[in-house]
Amino acid sequence: GGDSGGGNDDGKITMGFAQVGAESGWRTANTKSVQEAAKAAGIDLKFSDAQQKQENQIKAIRSYIAQKVDVIAFSPVIESGWDQVLKEAKDADIPVILTDRAVDSKDTSLYKSFIGSDFILEGKKAGEWLVDDSKTAKGPVNVIQLEGTTGSAPANDRTSGFADAIKADPKIKIVASQDGDFTRAKGKEVMEALLKAHPEANVLFAQNDDMGLGAMEAIEAAGKKPGVDMKIVTIDAVKDGMTALANGQFNYIVECSPLLGPQLMDLAKQVVDGKEIPKRVLTKETTFTQEQAKTALPSRKY
Amino acid sequence: MKQLPKHRLFWPAVALVLLLVSNVFFSSSFFSIRLQDGHLYGSLIDILRGSTPLVLVALGMTMVIATAGIDLSVGSVIAIVGAFACLQVSDLSDQNSVGGVLIAVALAVVLGLVLGLWNGVLVAVVGIQPIIATLILLVGGRGVAQLITDGQIINVRSDPYRTIGAGYALTIPVAVIIAAAVVALAVVFTRRTALGLLIESVGSSPTASRLAGIQARRLTVIVYVFSGFCAGVAGLIYSSNISSADGNNAGNLIELDAILAVVIGGTALTGGRFSIAGSVLGAVLIQTLNITIYTAGVPGRVTLLFKAVVVVALCLAQSPAFRAKVFRQKAAVTA
Amino acid sequence: MRTEPPVAEPILEMTGVGKVFPGVVALSDVDFTLHPGEVHALMGENGAGKSTLIKVLTGVYDIDAGSIRLGGEDVRFTGPLQAQRAGISTVYQEVNLCPNLSVAENIFIGREPRTLGVIQWRRMRRRSAELLQALDLDLDVGALLGSYSIAIQQMVAIARAVDISAKVLILDEPTSSLDASEVEQLFRVMRRLKGEGLAIVFVSHFLDQVYEIADRMTVLRNGRRVGEYTVAGLPQSELVKAMIGKELAVLEQLDEQEKPAVEERREPVIAATDVGRKGAIEPFSLTIHRGEVVGLAGLLGSGRTELARLLFGADRADAGTFAFEGAPVTMRGPRTAMDHGVAFSSENRRTEGVVGELSVRENIILALQASRGWSRPIPRGRQDELVTRYIEALDIRPADPDVEVRNLSGGNQQKVLLARWLITEPRLLIVDEPTRGIDVGAKAEIQRLLARLSGDGMAVLFISAELEEVLRLSHTIAVLRDRRLVEQLENTDDVDVDRILATIASGVEE
Amino acid sequence: MTSVTTPPAVERPRVARARRYGVSSRFVPVLATLVLFCVMYGIGIANYNGFSDTQILLNIFIDNAHLLTVAVGMTFVILSGGIDLSVGAVLALGTVLAASLLQAGWPAVPVIVVVLASGALIGLAQGAIIHFFEIQPFIATLAGLFTARGLAQLISTKAIPITNDFWTTDATERIHFAGFRLSPSAVLALVIALIAGLALAYTRFGRNVYAIGGNRQSAALMGLPVARTRVLVYTLSGLCAALGGVLYSFETPTGNSLTGQGMELDAIAAVVIGGTLLTGGSGFLAGTVLGVLVLGLIQTMITFQGTLSSWWTRIFIAGLLFLFIVLQRVATRRER
Ligand SMILES: Nc1ncnc2c1ncn2[C@@H]1O[C@H](COP(=O)(O)OP(=O)(O)OP(=O)(O)O)[C@@H](O)[C@H]1O
Ligand SMILES: Nc1ncnc2c1ncn2[C@@H]1O[C@H](COP(=O)(O)OP(=O)(O)OP(=O)(O)O)[C@@H](O)[C@H]1O
Ligand SMILES: [Mg+2]
Ligand SMILES: [Mg+2]
């Protein structure tokens with residue numbers, strides 16, 4: 001309920017937002033979107049950055065409870081382990097909205113809503129495109145996969161979604177799959193080595209744009225043409241990735257949108273007003289081919 | 001001949017060779033080097049080029065460790081300097097102007113020196129324990145780097161800048177030439193002058209050194225400045241290699257690898273005697289280990305265990321106590 | 001006072017003991033027998049292998065050859081802990097205590113009085129105060145050991161060992177930095193323990209002390225046993241011959257040796273005016289002239305070391321002014337002093353003197369190099385020349401410039417430290433206990449060297465716990481008492497040890 | 001040759017009483033930390049609404065129970081002159097091990113026993129390698145870090161939720177008193193800190209740790225059980241880290257191989273901020289508790305600030321750390 005007070009009495013909604021960190025351009029865009037949307041919606045935002053640590057996020061949430069904010073939103077660093085602190089929020093009558101990543105609590109009454117993307121689906125979409133694209137391929141399709149940080153939720157889910165999808169075509173084989181840590185530098189370094197160990201590879205699936213961009217340099221250095229000699233599928237659709245896609249260096253990007261600020265603020269207002277809101281809201285996301293990228297690029301915000 | 005295994009670099013060298021050879025099982029062309037687009041191309045070249053940031057950082061770290069200090073901030077310095085340089089370059093009206101890039105690079109290097117100075121002053125003048133003094137920059141530096149990049153990845157499209165980390169001169173990677181030059185410079189400065197001796201003296205016994213008239217404070221500042229310089233150059237190479245600056249991830253955890261390289265190279269963390277050649281060997285060894293992990297397709301979840309096994313095996317092989325206790329190589333000392 | 005060689009069964013027998021370090025045979029076929037109720041001196045030059053024998057016995061080093069029997073049973077200790085449990089307690093040559101713990105703890109650590117596993121601090125402090133009283137020491141047992149001078153630390157180490165000792169007490173150069181009265185206290189305790197049937201091994205380079213306290217002695221030379229003698233049966237000259245392997249003429253000369261005439265004191269090298277440091281030493285004024293040897297006399301903790309440290313800038317003076325050769329100078333630290341030709345060899349050679357990890361060569365050139373600055377390395381040829389010269393002059397063994405200093409015997413380390421400062425050709429040489437742990441031959445050599453250097457115009461500030469030595473060398477004697485410079489005596493013929501002691505005791509001010 | 005000089009008949013002055021640092025000198029760093037902590041707390045109260053609520057202070061203990069436990073073990077290691085980089089990884093392994101065993105249907109008590117035992121075992125192995133094979137602690141425990149985290153990832157790269165009743169109810173039930181709340185974990189951590197503090201001051205083992213940290217060679221020559229003590233110290237640290245893992249999994253009922261990254265640095269920082277010297281042999285456990293409080297307070301101030309962007313958060317943390325350390329250094333400075 002909205003009558004649990006608030007840090008201040010001016011009737012403004014106060015929202016505590018516990019962000020994961022600033023580990024990527026994607027994340028920073030996400031933060032910006034939330035901050036801007038809050039300003040636009042006249043919501044007083046208390047922001048904190050957990051530096052990718054669950055414990056910090058829990059501390060932040062606990063401190064929001066102590067500060068008696070009206071609503072708490074956060075992107076969980078990992079899925080599990082939130083029951084205790086969510087219970088505390090519930091006890092204090094503060095509604096919680098999850099963003100970007102879900103939690104796996106059995107007790108779904110601990111949070112009001114989840115808004116974000118489905119990582120498994122993203123992996124799946126990437127795989128489905130590859131299956132579709134390989135229909136015309138003559139020889140085997142040998143995929144190098146650059147995974148995200150070992151143990152992280154997007155890495156786990158995208159890997160399994162992708163694997164699920166490519167089962168449909170026996171021609172498609174993952175010849176190497178390595179941790180690229182979601183970064184360009186690592187993506188490049190790993191790709192350099194894998195290109196030499198697996199000269200037969202002709203497709204790269206990078207679980208985010210940055211690794212794909214790094215790998216692209218390695219592919220060029222090896223004298224191959226990215227997008228042609230080696231097809232590249234990635235996830236995210238940040239600006240640099242879209243540019244590469246428009247330039248024909250990437251072949252396909254599955255969008256994973258960070259811009260969920262406005263949707264979040266809407267939900268927050270409704271929940272503070274005591275309205276019922278849907279348990280799960282998916283962010284508006286799409287996929288891009290090279291052609292679509294060319295048209296979409298000029299209007300991309302991040 | 002019998003003395004060979006006792007040389008402190010014998011076992012790291014053996015490990016390096018073993019790792020390199022083991023790669024052949026996974027990549028038959030591992031040792032082949034060919035000329036491609038006018039430059040050398042091959043896994044060995046990759047290893048050399050890929051190890052340059054670590055070699056540089058380990059070099060600076062060697063000096064710091066020799067004075068019984070430690071520099072945890074190197075990763076952050078890499079991030080800051082890379083971010084700064086990329087920002088400068090991206091602000092150029094013509095990113096391909098060599099002059100503009102040179103100025104940006106020079107400024108960035110100066111920034112590295114300044115960051116080193118900051119550490120040095122905290123350690124030597126204020127008297128804070130090195131691990132904590134440099135922890136401040138480790139934590140805050142990454143924030144500064146992100147402040148510079150505004151949390152984004154700054155891209156540069158500058159050929160002169162790209163040359164530093166990804167370019168070639170006379171078919172050899174420019175990064176390797178730079179690293180070799182800095183290493184050579186360090187060797188000359190420490191072994192052709194008395195700098196090395198004085199550093200070793202301060203590291204093994206600060207009190208005795210002070211009473212022998214060595215200006216330990218000044219020396220300590222110098223080594224941290226040098227470490228900042230090395231990390232700064234590493235930051236340039238790192239960011240130039242991917243033509244972009246990533247304030248959050250650049251150089252993350254490189255301090256651990258660097259310390260590992262220094263120790264494998266035979267320099268004790270307690271300070272004193274140091275070996276530049278050893279640290280370089282250690283750094284190349286670590287990079288080779290990384291590449292081997294990729295080449296051999298070691299899955300992500302066992303990568304760390306694999307690293308642990310190699311590190312433990314190497315340290316045990318190097319440890320005289322282990323050899324004496326386990327292989328009972330007793331006596332036989334009569335020279 | 002002297003007892004006949006005991007007839008009882010030996011408590012300890014070492015036979016055919018051998019120990020080899022890479023490149024050095026430290027011990028070879030050494031026999032050593034120890035009886036209950038005797039004080040057995042272990043004699044030998046620096047590097048003869050005395051400390052090594054002790055360390056092999058107590059399990060610090062693995063033994064390479066030979067056997068050890070303790071109380072009739074074969075033993076081989078794997079470390080000092082086992083040796084201690086078997087009843088052997090040891091004071092090793094360098095003070096080996098923990099400076100970060102209190103005095104009381106250093107005496108009792110590992111055997112603290114406990115009830116139900118809980119350490120009884122109060123009881124521990126009381127008992128350690130009592131123990132120290134027995135050695136005539138009145139210390140704050142709760143203070144950190146590191147805040148006391150090296151000599152006092154040595155006394156604490158002795159107190160610990162004495163209290164632990166069950167069957168065998170080993171004292172490796174316990175008296176090297178003690179003054180006469182402390183030595184007398186120690187001897188009193190040793191006699192008492194001996195009376196109680198304890199066997200004591202005693203190492204010292206002070207022949208007088210050995211002749212006073214020991215019953216028998218075993219002489220080592222170059223890691224081999226020369227022989228075992230009763231003290232009564234071996235005159236000093238014979239002993240020296242056994243130790244060195246040749247007659248030592250110097251030793252006889254020593255007493256007659258004339259110090260250079262007290263010259264005219266026109267040129268002051270250093271003048272300190274009202275220099276002091278709170279809690280360390282009261283403000284004092286002292287001028288040292290060219291060619292003059294000033295000796296400092298005083299009891300343990302009287303502030304001699306503190307005075308010397310101030311003159312060198314090792315500690316910052318909080319009062320007073322300095323002038324070098326007449327010109328006032330702001331003392332900023334050792335470098336200021338060194339730039340004006342001052343050299344300082346510390347009494348605490350292990351932590352403030354040699355740099356153990358570096359080689360003999362590097363240690364010797366260290367100070368000279370430091371004052372030249374890092375950018376002007378001493379050419380290798382010049383290094384070799386200097387180092388070889390001083391290895392020879394001071395007879396540093398092994399005569400290999402490239403061994404690590406920490407592998408040298410204590411006395412040889414001391415020589416390295418002296419060499420370090422001598423090659424800087426100082427105008428003022430401050431030596432704090434320079435002859436600590438140095439054998440008879442080398443000691444005479446060093447004294448002669450100092451006398452000659454002062455004759456050549458070098459000023460010397462000489463600190464030694466051995467008053468005779470101070471008297472023999474100095475032109476002027478500055479007496480300290482309770483951290484105050486109480487008197488400066490001209491060293492004329494009528495000044496002798498008793499006169500100085502009386503000054504110390506009465507503290508008369510002029 | 002004359003016999004040794006005998007002292008004259010006059011009453012000989014006793015050895016001069018040494019200059020003392022004063023009993024409190026050893027406590028100066030801890031006291032400085034305490035004072036600075038209070039100042040900082042005051043600044044927090046002055047600047048932020050609701051900061052004065054005592055619950056905020058208690059929350060620091062609730063949030064950092066695991067860190068405190070880890071830092072207690074680290075204190076022993078650092079006092080002995082070593083360092084333990086593996087604690088964060090051992091903590092993570094503890095959570096993963098607990099979660100996976102619980103998932104397999106084990107009851108609570110054996111799970112906790114197994115987790116603690118495995119942490120102690122890793123510590124023991126590290127201690128043995130460090131002491132007997134003379135491998136530098138930094139490297140041995142870095143390898144330990146790789147091993148522990150590697151094992152955790154081998155067990156599961158996915159986070160495993162914990163649904164065991166003991167975890168979700170008993171262990172997380174808040175203890176209420178005088179209107180305030182504290183978690184059982186926090187109470188346990190404080191009790192452990194107290195016991196550890198007493199052990200350091202009043203047992204032989206504790207004193208041996210100090211002695212070894214002061215000078216290992218000397219400690220050996222004094223006949224102290226150096227081998228046993230050193231191995232035990234690392235074992236203890238491993239045990240504490242594993243216990244930290246258990247406490248952590250109480251608060252966040254999940255087993256995650258990525259937890260506790262960089263926690264070793266937090267623990268080291270807490271110990272050092274508490275006035276303990278990294279070179280060993282000097283420091284107090286009370287300081288460590290204060291150090292953890294300081295880190296927690298910095299974190300709390302940042303969440304109260306609430307307007308910092310991600311990077312300003314980092315800079316702010318570093319700035320506060322810097323201020324704190326420099327002030328502490330100035331307060332404890334002694335001139336040469
Ligand atoms: N750890 C070591 N490594 C190598 N050589 C050593 C070591 N310890 C002692 N030595 C050598 O063994 C020899 C005997 O040394 P030791 O310390 O026993 O002499 P010492 O008789 O006690 O001399 P001093 O009177 O100077 O103390 C010396 O030549 C010394 O250099
Ligand atoms: N660093 C220190 N901190 C505290 N007290 C000290 C320190 N160094 C020396 N002292 C004390 O100051 C007094 C003067 O010591 P100093 O070493 O100058 O005496 P000394 O005359 O040289 O005697 P010794 O023969 O013991 O060296 C002693 O009581 C000593 O315990
Ligand atoms: Mg000796
Ligand atoms: Mg003295």
About how many Å separate [atom2] of [Y] and [atom1] of [X], when rounded to the nearest 0.5 Å?
| X | Y | atom1 | atom2 | result |
| --- | --- | --- | --- | --- |
| Asn252(B) | Gln261(D) | CG | CD | 9.0 Å |
| Phe322(D) | Leu135(B) | CZ | CG | 13.5 Å |
| Glu134(D) | Cys315(B) | CD | SG | 13.0 Å |
| Leu122(B) | Arg329(D) | CG | CZ | 11.5 Å |
| Ile135(D) | Gln318(B) | CD1 | CD | 8.0 Å |
| Gln146(B) | Thr313(D) | CD | OG1 | 9.5 Å |

Quick check: closest heavy atoms across [X] and [Y], and the distance to 0.1 Å?
| X | Y | value |
| --- | --- | --- |
| Ile132(B) | Ala269(D) | CD1-CA, 3.8 Å |
| Ser319(B) | Phe133(D) | OG-O, 2.6 Å |
| Val263(B) | Gln136(D) | CG1-NE2, 3.8 Å |
| Phe132(D) | Ala321(B) | O-CB, 3.7 Å |

Region of [X] that comes under 4.5 Å of a non-hydrogen atom in chain D:
| X | answer |
| --- | --- |
| Ile70(B) | side chain |
| Ala268(B) | both |
| Val311(B) | side chain |
| Leu137(B) | neither |

**OP:** Name the member of Leu260(B), Val312(B), Val302(B) that forms the most heavy-atom pairs with chain D at distances under 4.5 Å.
**Re:**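 Of Leu260(B), Val312(B), Val302(B), Leu260(B) has the most heavy-atom pairs under 4.5 Å with chain D.
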**OP:** Tell me, out of Asp150(B), Val310(B), Asn248(B), who's got the most heavy-atom pairs with chain D below 4.5 Å.
**Re:**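 Ranked by heavy-atom pairs under 4.5 Å with chain D, first place is Asp150(B).
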Original post:
Who in residues 140-157 of chain D is close to chain B, using a strict under-4.5 Å heavy-atom cut-off?
Top reply: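 From residues 140-157 of chain D, the residues near chain B are Leu142(D), Ala143(D), Phe146(D), Thr147(D), Arg149(D), Gly150(D), Leu151(D), Gln153(D), Leu154(D), Ile155(D), Ser156(D), Thr157(D).
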Quick check on the interface: out of [options], who has the most heavy-atom pairs with chain B under 4.5 Å?
| options | value |
| --- | --- |
| Leu321(D), Leu265(D), Ile139(D) | Ile139(D) |
| Leu277(D), Ile83(D), Ile273(D), Ile268(D) | Leu277(D) |
| Leu85(D), Leu278(D), Val326(D) | Leu278(D) |

**OP:** Walk me through it: do Phe138(D) and Ile259(B) pass the test side-chain contact (heavy atoms from CB on, under 4.5 Å)?
**Re:** CA-CA 9 Å; Phe138(D) 197 100; Ile259(B) 295 167; 3.3 Å; yes
